[in-house]
Amino acid sequence: MATKKTWVWITVIFALLAVILYWLSHGRPEPYPPYLSESPSQTGVKAFYTLLDEQGGEPLRWDSEPERLLEENRNKLLLMIEPFSTVSGAEMRQYQDWMEKGNRIWLMKNNPVGYFDTQVDYGVLPAGETTVEDENGRTYTVEIQQEHRLKTKESDEVLLSDDQGVLAFKRSYGEGALIVGMNPDWFTNGWMTDHEHYEVITSILESGSGYSSIWFDEYIHGQDGFLSGVDVYPKWLVVFVLQLALFVLFLLWMQGKRFGPSFMPREAVVRFGDERLRALAAWYRKGEFYRESLAVQESYIRQLLQERFGVSSQASWQDIRRTLSYRLSDEDYQDWDKWTRTVEPLENVTDVDKKTFVDWSHTFDQMRKEVQGS
């Protein structure tokens with residue numbers, strides 16, 4: 001009956017937990033990190049991705065390491081919109097090798113310092129609305145967020161600029177090229193239709209027409225890994241699997257399963273801790289030092305009695321019996337009275353045979369177990 005009640009409570013608890021998890025996740029908008037091509041939030045870029053798809057651009061998402069880019073053909077454009085963390089030096093070289101094969105990368109980052117040897121000039125006028133000019137002399141009204149501008153080299157081609165400096169440029173890498181720009185929020189769902197942000201983006205895209213495909217780099221947003229694979233499953237299925245895993249662990253725990261490292265018994269890896277005592281006992285038996293062995297046992301019993309009952313180790317057995325009569329119940333005292341009277345004659349014995357040794361040793365062992373409580 002107790003087992004049935006336990007399982008009923010377990011079932012109720014897991015069902016209640018499932019309801020709570022569903023209630024917490026139901027009706028709330030799914031949170032998305034910014035600048036994701038699949039994010040419909042104001043900070044996502046799904047609108048731009050969808051627009052390219054409707055116009056026949058057939059955009060794709062890239063979520064693998066940059067070394068796999070080297071396996072792809074030329075004439076590709078990779079959009080890197082505000083990477084979450086700095087790309088490593090090895091990955092940077094892989095991106096450059098891929099551009100040198102005839103591909104292009106468009107990096108949009110608020111401060112691109114640290115990417116592809118890009119530098120900026122700090123200390124310009126405060127951010128806000130401004131008028132920019134593209135490479136063909138056309139002007140646009142946009143909203144900028146930076147108080148710095150890009151530094152360019154003599155071989156760089158300026159794609160976008162204002163009165164304060166360069167906002168986007170193109171740099172050649174072998175048969176390909178790199179486009180570096182700022183203000184990645186122009187691509188987001190909440191900003192793309194403001195001012196003339198979309199027109200500026202289109203202007204830069206047209207400056208490098210002829211791409212066979214456009215990829216949105218999601219690897220730089222940390223979308224690769226185990227959690228990204230879990231996102232493809234319905235939430236109810238993920239909750240069910242978690243519940244099942246918890247149930248299995250609880251079931252194993254109820255059955256007495258234990259998880260952890262296995263430890264070898266000390267006796268299996270080192271010599272016995274009482275090996276010295278065993279050797280000493282064997283030496284006493286072989287040399288027939290029975291009287292000496294009994295003396296050692298008696299001394300040990302007296303020491304234990306002193307520690308537990310406060311009896312002097314030098315007291316006679318008669319004094320010990322008198323003290324124990326006040327400390328023990330009548331039933332326990334009867335045993336001690338018998339044992340002490342059995343070993344009392346040992347004080348006047350100088351020679352002990354094997355049979356007497358065994359009998360007295362058995363009595364001392366009973367006394368030891370009793371005083372130690374075992």
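Values below: all heavy atoms of this structure, side chains included; hydrogens, waters and symmetry mates excluded. In this chain, numbering begins with 1 at the start of the sequence shown.
Checked for salt-bridge contact, Lys153 and Asp117 meet the test: a charged N lies under 4.0 Å from a carboxylate O. Between Asp156 and Arg171 a salt bridge is recorded (basic side-chain N to carboxylate O distance below 4.0 Å). Glu67 has no carboxylate O lying under 4.0 Å from a charged side-chain N of Arg93, or vice versa, which leaves the two without a salt bridge.
Atom CG of Asp163 sits in a sparse spot, with 12 or fewer heavy atoms from other residues, nucleotides or ligands closer than 6.0 Å. Open room surrounds CD on Glu331; 12 or fewer heavy atoms of other groups in view lie less than 6.0 Å from it. By the neighbour-count criterion of 12 heavy atoms within 6.0 Å, atom CD of Glu199 is densely surrounded, having more than that number from other residues, nucleotides or ligands. Within a 6.0 Å sphere centred on OH of Tyr122, other residues, nucleotides and ligands contribute more than 12 heavy atoms. Atom CG of Asp353 sits in a crowded spot, with more than 12 heavy atoms from other residues, nucleotides or ligands closer than 6.0 Å.
For Gln145 against Asn183, the heavy-atom pair with the smallest separation is N-OD1, 2.9 Å.
Residues Lys109 and Glu82 have side chains in contact (heavy-atom distance under 4.5 Å, counting atoms from C-beta outward). At least one side-chain heavy atom of Arg104 sits under 4.5 Å from a side-chain heavy atom of Leu77. The shortest distance between side-chain heavy atoms of Thr141 and Glu129 falls below 4.5 Å. For the pair Leu60/Ile214, no side-chain contact is recorded, criterion being any heavy-atom separation below 4.5 Å from C-beta on. Tyr35 is listed as a side-chain neighbour of Pro184, based on a closest heavy-atom distance under 4.5 Å. Using a 4.5 Å heavy-atom cutoff, the side chains of Met108 and Leu79 are not in contact. Within the 4.5 Å cutoff, no side-chain heavy atoms of Gln146 are placed close to those of Asn111.
Side chain to side chain, Ser329 and Asp332 meet the donor-acceptor criterion of an N or O pair below 3.5 Å. Donor-acceptor pairing under 3.5 Å is lacking for the side chains of Asp97 and Tyr173. For Gln366 and Trp336, the side-chain atoms include no donor-acceptor pair closer than 3.5 Å.
Listed for the Ser299 side chain is no donor-acceptor partner under 3.5 Å among the backbone atoms of Val296. Between the side chain of Ser361 and the backbone N or O of Val358, no donor-acceptor pair lies under 3.5 Å. When atom types are taken as modelled, the side chain of His148 and the backbone of Val120 share no donor-acceptor pair closer than 3.5 angstrom.
Aromatic rings from Phe364 and Trp339 are positioned such that their centres are separated by 6.0 Å or more. For Phe187 and Trp106, the distance between ring centers is under 6.0 angstrom.
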- Task: Begin with the C-alpha distance, continue with both residues' side-chain angles, and end with the deciding distance and a verdict on side-chain hydrogen bond (donor to acceptor under 3.5 Å, both in side chains) for Gln306 and Arg302.
- Result: CA-CA 6 Å; Gln306 182 179 10; Arg302 288 177 175 275; over 6 Å; no
- Task: Kindly indicate, with the supporting measurements, whether the criterion side-chain hydrogen bond (donor to acceptor under 3.5 Å, both in side chains) is fulfilled by Ser316 and Asp319.
- Result: CA-CA 5 Å; Ser316 64; Asp319 293 335; 3.2 Å; yes
- Item | side-chain hydrogen bond (donor to acceptor under 3.5 Å, both in side chains) assessment of Tyr95 paired with Asp217 | CA-CA 11 Å; Tyr95 281 122; Asp217 193 346; 2.8 Å; yes
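Figure legend: cation-pi geometry between Arg61 and Tyr49, with NZ or CZ positioned under 6.0 Å from the six-membered ring centre and within 45° of its axis.
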